[in-house]
Amino acid sequence: MIVCHCQNISDRDIHAAIDWMRASDPAAIITPGKIYHALGKSADCGGCMPVFLSTMRSNGNLEIPATLRNLRSPARKEA
């Protein structure tokens with residue numbers, strides 16, 4: 001399925017880029033910009049972003065690296 005019509009990016013392209021990035025760097029934070037860059041393209045109108053993000057989220061390799069989980073401190077109650 002074509003996700004980005006402006007740049008002709010398919011869901012398979014997105015999944016392949018995520019899989020390649022995760023294989024090359026298990027600790028990488030994967031963003032839409034990095035996917036565009038990995039595919040040699042750049043975002044244009046942004047109309048595809050909801051479907052682009054949904055496609056990214058459906059990839060099992062997109063998870064946050066274990067070393068970066070739970071870095072936020074708990075919310076503090078102010079007096």
Side-chain angles (χ1 to χ4, degrees):
M1 166 180 79
I2 296 295
V3 173
C4 177
H5 291 276
C6 297
Q7 297 294 326
N8 195 30
I9 297 174
S10 71
D11 57 338
R12 289 181 184 185
D13 296 331
I14 294 169
H15 290 300
I18 291 170
D19 295 342
W20 174 79
M21 284 188 274
R22 184 59 67 217
S24 65
D25 183 1
I29 302 289
I30 299 172
T31 65
K34 287 183 179 181
I35 292 173
Y36 274 102
H37 185 73
L39 296 172
K41 306 193 179 205
S42 61
D44 193 6
C45 74
C48 65
M49 215 35 66
V51 177
F52 199 102
L53 291 171
S54 177
T55 303
M56 285 178 64
R57 289 182 186 123
S58 71
N59 188 300
N61 284 326
L62 189 65
E63 67 183 23
I64 297 172
T67 57
L68 299 177
R69 293 181 197 155
N70 302 318
L71 291 179
R72 291 186 181 174
S73 59
R76 296 181 187 174
K77 293 183 181 178
E78 293 191 29

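In this structure the side chain of H15 reaches within 4.5 angstrom of the side chain of S58, judged on heavy atoms.
Remark: H5 NE2 to D44 CG distance equals 13.0 Å, nearest 0.5 Å. Interatomic distance, CG of N59 versus CZ of R57, reported as 13.0 Å (0.5 Å rounding). A distance of 12.5 Å separates CG in D11 from SG in C4, rounded to the nearest 0.5 Å. Rounding to the nearest 0.5 Å places CG of D19 at 12.0 Å from CD1 of I14. With values rounded to the nearest 0.5 angstrom, T55 atom OG1 is found 4.5 Å from M1 atom CE.
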Check: Where do Q7 and C48 land on the side-chain contact (heavy atoms from CB on, under 4.5 Å) test, with the steps shown first?
Finding: CA-CA 10 Å; Q7 297 294 326; C48 65; over 6 Å; no

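When the side chains of ILVMFWY residues are joined at heavy-atom separations under 4.5 Å, either directly or via intervening members, L53 and I18 end up in a single hydrophobic cluster. Residue M56 is not grouped with residue I29 when hydrophobic side chains (ILVMFWY) are merged at heavy-atom distances under 4.5 angstrom, including chains of intermediate members. Placement of F52 and W20 within a single hydrophobic cluster is found when ILVMFWY residues are connected by side-chain heavy-atom separations under 4.5 Å, directly or transitively.
Closest non-hydrogen pair, Y36 versus S42, comes out as CD2-C, 3.6 Å.
For the pairing with K41, the side-chain contact (heavy atoms from CB on, under 4.5 Å) check across I9, D13, I35 returns one residue only, I9.
The main-chain N or O of A17 is never found under 3.5 Å from a side-chain atom of R22 such that the two would form a donor-acceptor pair.
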